[in-house]
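Working notes, structure below.
We count ligands from 1, going down the list as the structure has it; atoms in each ligand are counted the same way. Position 1 is the first residue of the sequence, and the numbers go up from there. Only heavy atoms go into these numbers, but all of them, side chains included; no hydrogens, no water, no symmetry mates.
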Amino acid sequence: MNDQQKTERNLTGKIALVTGGTKGIGKAIAARLAAAGATVVVTARNQPDEAELPFHFIAADLSRPEDVIQVAEEIIAQFGGADILINNMGANTFPGGGFSTLNDEHWDQAFQVNLFSSVRLDRALLPQMLVRKNGVIIHISSTTGQFPIWESTIAYSSAKAALNAYSKALSDEVAPQGIRVITVSPGLNKTEAMSNFLNDLAKNAGISVAEMTQNLFNRVGGVPLGRMAEPEETAELVYFLVSPNASYITGTNYHIDGGNFPVVR
Ligand SMILES: NC(=O)c1ccc[n+]([C@@H]2O[C@H](COP(=O)([O-])OP(=O)(O)OC[C@H]3O[C@@H](n4cnc5c(N)ncnc54)[C@H](OP(=O)(O)O)[C@@H]3O)[C@@H](O)[C@H]2O)c1
């Protein structure tokens, strides 16, 4: 972030809710929106050290419908709703190894975490946005939603693909009423989730994490920029998309992947 960007406070007065805002990409987004002047509320299952987290915090497991309702009720009671909703929380914690390793419970959890959490939170917070005829919703998807890796992301990719379709449909529905809905598809980001993912794959394959990382780069067809993203780089795109500078952008799916995606979209 350069000095001019740091001082641009064009989200002042906005209430932003960032799910999964205590780690990785969500934490970087929360910090970026706060730097632009937004009042930021984050959710996660575990509360980090107060000193580490300069945002309002709501504890919730968003794979549970009752927790989504509780988050929405707290935001509405305390702030009257959200102007900016970042559906960032998502996870690929399901076994790799192809179709036969995934049972109904894995599939159900993949969709609860990566799709239904967003569907439910949008449904709870959109009514206030519609009354104000103003709001931005971001769905953090993944390039694997369009480029699944059968060895390790079948259920996760399927849920993200559904999220992409849902996000587009929602955008079409609410754009005429002043609400923008955008999908962001990150490639490989240096986060705790990515680190756990690589450690598990390396352990199962009996190779080092460095070798596994190179294998993953090769498996996705290479990353022309030659490295993973810092979460702050992904956050910068999200900040732009929710800012007034992006007022004509809705219904699109932005890839931020170091040039990895192998086809023209
Ligand atoms: N990292 C990548 O390379 C990458 C690539 C493409 C897409 N993405 C997407 O980017 C998003 C963020 O990923 P990340 O790598 O930053 O993840 P991360 O480092 O694991 O952080 C996940 C955040 O979500 C919270 N969380 C996890 N499960 C939750 C649940 N059931 N209910 C509520 N909060 C929950 C975590 O806190 P608690 O554990 O305390 O709940 C944490 O704050 C996800 O949607 C992911 O699919 C990531």
Side-chain angles (χ1 to χ4, degrees), residues 17-32 40-49 52-53 55 57-72 85-94 108-121 138-149 152-153 155-164 167 183-201 212-213 216-217 219-220 223 225 227-235 237-238 253-258 260-261:
L17 172 60
V18 183
T19 68
T22 59
K23 295 179 201 160
I25 295 171
K27 187 177 180 181
I29 294 170
R32 185 63 186 91
V40 176
V41 184
V42 300
T43 70
R45 290 165 301 183
N46 308 295
Q47 177 152 23
D49 218 331
E52 279 179 28
L53 195 75
F55 315 116
F57 175 81
I58 303 175
D61 179 346
L62 297 179
S63 66
R64 294 154 41 106
E66 58 273 30
D67 283 25
V68 176
I69 290 168
Q70 173 228 323
V71 168
L85 170 54
I86 313 289
N87 286 292
N88 163 74
M89 191 282 288
N92 181 23
T93 49
F94 316 104
D108 180 54
Q109 196 57 15
F111 276 73
Q112 294 296 342
V113 169
N114 293 295
L115 175 68
F116 299 140
S117 55
S118 298
V119 170
R120 292 181 181 121
L121 197 53
I138 302 284
H139 296 117
I140 302 293
S141 182
S142 165
T143 48
T144 66
Q146 290 163 278
F147 183 175
I149 302 171
S152 52
T153 72
Y156 172 71
S157 292
S158 302
K160 291 292 195 184
L163 180 67
N164 296 348
S167 187
T183 306
V184 171
S185 291
L188 308 172
N189 275 243
K190 272 193 224 162
T191 67
E192 196 176 304
M194 175 54 70
S195 168
N196 294 338
F197 179 64
L198 286 168
N199 283 336
D200 287 351
L201 290 177
M212 194 64 235
T213 306
L216 184 60
F217 271 53
R219 178 64 180 86
V220 299
V223 178
L225 283 181
R227 63 176 175 84
M228 291 194 195
E230 299 295 335
E232 288 72 19
E233 294 175 304
T234 302
L237 172 64
V238 172
N253 181 354
Y254 279 83
H255 281 223
I256 175 161
D257 60 8
N260 155 248
F261 211 67

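- A 4.5 Å side-chain heavy-atom check between Thr144 and Asn92 finds every atom pair outside the cut-off.
- Here the OG-CE distance, from Ser117 to Met89, works out to 4.0 Å after rounding to the nearest 0.5 Å.
- Of the N or O atoms in Asn88, one or more lie within a sub-3.5 Å distance of an N or O in ligand 1.
- The distance from the CD1 atom of Ile25 to the CG atom of Asn189 is 3.5 Å, given to the nearest 0.5 Å.
- For the pair Lys160 (side chain) and Ile140 (backbone), a donor-acceptor distance under 3.5 Å is present.
- Scanning the protein heavy atoms around atom 40 (O) of ligand 1, the nearest turns out to be Asn46 ND2, 2.8 Å.
- Salt-bridge check for Lys27 with Glu192: failed, with every basic side-chain N at 4.0 Å or more from each acidic carboxylate O.
- If you number the atoms of ligand 1 from 1 as listed, the ones under 4.0 Å from a heavy atom of Ile140 come out as 9 (C), 10 (O), 11 (C), 45 (O).
- Neither the backbone nor the side chain of Ala229 comes within contact range of ligand 1; no heavy atom lies under 4.0 Å.
- Of all protein heavy atoms, the one lying nearest to atom 21 (O) of ligand 1 is Lys23 CB, 3.7 Å.
- In terms of protein heavy-atom proximity, atom 1 (N) of ligand 1 is closest to Thr191 OG1, 3.1 Å.
- Interatomic distance, OH of Tyr156 versus CZ of Phe94, reported as 9.5 Å (0.5 Å rounding).
- Listed by atom number, the atoms of ligand 1 under 4.0 Å from Leu188 heavy atoms are 3 (O).
- Note: Arg120 CZ to Ser63 OG = 8.5 Å, rounded to the nearest 0.5 Å.
- Ring-plane geometry between Phe111 and Phe116 is classed as tilted, the angle between the planes lying from 30 to 60 degrees on a 0 to 90 degree scale.
- Annotation: Ile25 places an N or O atom under 3.5 Å from an N or O atom of ligand 1; distance criterion only.
- Counting protein heavy atoms only, atom 47 (O) of ligand 1 is closest to Tyr156 OH, 2.6 Å.
- Looking at Ala193, Ser141, Gly90 and measuring to atom 7 (C) of ligand 1, the nearest heavy atom belongs to Ser141.
- Polar contact check, Thr43 against ligand 1: no nitrogen or oxygen pair lies under 3.5 Å apart.
- Atom 6 (C) of ligand 1 has Pro186 O, 3.3 Å as its closest protein atom, hydrogens excluded (heavy atom only).
- For atom 5 (C) of ligand 1, the closest heavy atom belonging to the protein is Gly187 O, 2.8 Å.
- An N or O contact shorter than 3.5 Å links Gly20 to ligand 1 by distance.
- Ranking protein heavy atoms by distance to atom 3 (O) of ligand 1, first place goes to Asn189 N, 2.7 Å.
- Protein heavy atom closest to atom 27 (C) of ligand 1, with residue, atom name and distance, is Arg45 NH2, 3.4 Å.
- With rounding to the nearest 0.5 angstrom, the CZ atom of Phe57 is 7.0 Å from the CG atom of Asn46.
- Checking only distances, Asn114 never comes within under 3.5 Å of ligand 1, N or O to N or O.
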**OP:** Assess whether side-chain contact (heavy atoms from CB on, under 4.5 Å) is satisfied between Met228 and Leu198, documenting all intermediate values.
**Re:** CA-CA 13 Å; Met228 291 194 195; Leu198 286 168; 3.6 Å; yes

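- Under the rule for a side-chain hydrogen bond (donor to acceptor under 3.5 Å, both in side chains), the partners of Ser167 that lie at least two apart in sequence or sit in another chain are His139, Thr183.
- One finds the CG atom of Asp257 at 9.5 Å from the OG1 atom of Thr234 (value rounded to the nearest 0.5 Å).
- Taking only nitrogen or oxygen atoms, main chain and side chain alike, Thr22 reaches within less than 3.5 Å of ligand 1.
- The option with the heavy atom closest to atom 32 (N) of ligand 1, from among Ile58, Asp257, Leu62, is Leu62.
- Considering backbone and side-chain atoms alike, Val113 places every N or O at 3.5 Å or more from each N or O of ligand 1.
- Between Leu163 and Asn114 there is no side-chain heavy-atom pair separated by less than 4.5 Å.
- Nearest-heavy-atom check against atom 35 (C) of ligand 1 across Gln47, Met89, Lys160 picks out Met89.
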